[in-house]
Amino acid sequence: MCGRYTLTSDADEVVEVFDVPPLAFAYRPRYNIAPGQEAPVVARDRGGRRMGLMRWGLVPAWADEESGGFINARSESVARTPSFRDAFRRRRCLVPADGFYEWRRDAHARTPFHYRPTAGGLLSFAGIWERWKRPGQEVRYGFAILTTAANGDVAPVHHRMPVVVAPDRREAWLDAGTPAEVLRTLLVPAPDGSFAARRVSTRVNSPEVDDATLLEAAEG
DNA sequence: CCAGACGTTGTT
DNA sequence: GTCTGG
DNA sequence: CCAGACGTTGTT
DNA sequence: GTCTGG
């Protein structure tokens, strides 16, 4: 699945690659984005694109209790499940990233790995977003990252991975008019060989740690 | 009709 | 909100 | 995803 | 064990 990820590029590069107006929030490179935190997402806004912060964790609009929300949505069922269907149909977003973490679990340990694109550069995860409001509280926005089966790169570590939207499909993903059968063709594992893994320090386990040394290969 | 569920991950 | 189960 | 907490009484 | 917070 995808429970932590990285966005280490600088603001200028992100703005250029995602073709959005200048950022209206305080951007900083991130080495350990965790559920519950605010993170940049790209969505349609009045016909154009905009990048803004949303909380990682989607709370369905009908839920009156604020929980942490759902950080992932299964791509295999997202179009049908009541919690996600409406967001999938009308509120899709791109989640800028340049890598993600997965933990390999065995009987004795949980070992973190960082995956980054073999070709380098920025990625888009496929996201959906939702807004919700409780009486007396401000409107909140949250997003979830779609997951799919692990490809050959990830499978040795974990059986799920985030859906990656190829650069030439980003516009289709954001376009509310894209037919469902076209969207379905995007919800597939990334090609084998497109990601490279490195084992990293368990310091990444703590969501409070967020610095460049997290990306260094662990010894051993 | 109303009541209750609605989700992901992993694990056993 | 919207669907399923009773 | 992992880390860390996990309680009681009364009162406003 | 299970929930909340980040």
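None of these values were measured; they are calculated from a predicted model.
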N/O (side chain, A:R160) to phosphate O (OP1/OP2, B:dT9) under 4.0 Å: yes
Pairing pattern in dot-bracket form [Watson-Crick, G-U; both distances under 3.5 Å; | = partner strand] for DNA chain D: ||||||......
Sugar-phosphate only, base, or nothing, as touched by A:A144 at under 4.0 Å among non-hydrogen atoms: nothing
Residue pair A:M51, A:F25: steps toward the side chain to side chain contact (heavy atoms under 4.5 Å, CB included) verdict: CA-CA 9 Å; A:M51 186 180 302; A:F25 61 91; 4.2 Å; yes
Rounded interatomic separation in angstrom, taking NE2 from A:H159 and C1' from B:dT9: 7 Å
Of the listed nucleotides D:dC1, B:dC6, B:dT8, the one nearest the side chain of A:W62: B:dC6
Salt-bridge contact A:R92-A:E130 (side-chain N to carboxylate O under 4.0 Å): no
Distance in angstrom units between A:L146 CG and B:dT8 P, rounded: 10 Å
Pair A:R105, A:T111: side-chain N/O donor-acceptor within cut-off below 3.5 Å: no
Nearest-angstrom distance, P atom, E:dG1 to B:dT11: 13 Å
Sugar-phosphate only, base, or nothing, as touched by A:Y5 at under 4.0 Å among non-hydrogen atoms: nothing
Spacing of the P atoms in D:dT9 and B:dA5 (rounded, Å): 29 Å
Donor on one side chain, acceptor on other, A:T147 and A:N72, under 3.5 Å: no
Nearest-angstrom distance from the residue atom CD of A:Q37 to C1' of D:dC1: 11 Å
Interatomic distance where CZ belongs to A:F88 and P belongs to C:dT2 [whole Å]: 18 Å
Nearest-Å distance once atom P is located in both E:dT4 and D:dT8: 16 Å
A:R85 CZ to C:dT4 C1', straight-line distance once rounded to whole Å: 13 Å
A:Y31 to A:D210 - nearest heavy-atom pair and separation: N-OD1, 2.6 Å
Rounded distance in Å between the C1' positions of B:dG7 and D:dC1: 16 Å
So which protein N/O to nucleotides 2-5 of chain D N/O distances come out below 3.5 Å?
unit_1: D:dC2; atom_1: OP2; unit_2: A:R105; atom_2: NH1; d: 3.3
unit_1: D:dC2; atom_1: O4'; unit_2: A:R4; atom_2: NH2; d: 3.1
unit_1: D:dC2; atom_1: O3'; unit_2: A:N205; atom_2: O; d: 3.4
unit_1: D:dA3; atom_1: OP1; unit_2: A:N205; atom_2: ND2; d: 3.3

B:dT12 and D:dC2, which share atom name P, separated by this distance in whole Å: 14 Å
Within 45° cone of A:F18 ring axis and under 6.0 Å: A:R170 NZ or CZ: yes
Lys/Arg N to Asp/Glu carboxylate O, A:D98 vs A:R116, below 4.0 Å: no
A:L58 CG - B:dG7 C1' separation (whole Å): 10 Å
Output side-chain donor-acceptor pairs under 3.5 Å for residues 181-193 of chain A, partner residues at least two apart or in another chain, one line each.
unit_1: A:T185; atom_1: OG1; unit_2: A:V182; atom_2: O; d: 2.6
unit_1: A:D192; atom_1: OD1; unit_2: A:G152; atom_2: N; d: 2.7

N/O (side chain, A:S77) to phosphate O (OP1/OP2, B:dT8) under 4.0 Å: yes
Value in whole Å for how far the P atom of B:dC6 lies from CD1 of A:I128: 17 Å
Validation row, ring centre A:F125 to ring centre A:Y5 under 6.0 Å: yes
Distance in angstrom units between A:F84 CZ and B:dT9 C1', rounded: 12 Å
Verify stack between A:F70 ring and B:dG7 base, 5.5 Å, 30 degrees: no
Nearest heavy-atom neighbours spanning A:I71 and A:G3: CD1-CA, 4.2 Å
Given B:dC6, B:dT8, E:dG6, the nucleotide with the shortest approach to the side chain of A:A34: E:dG6
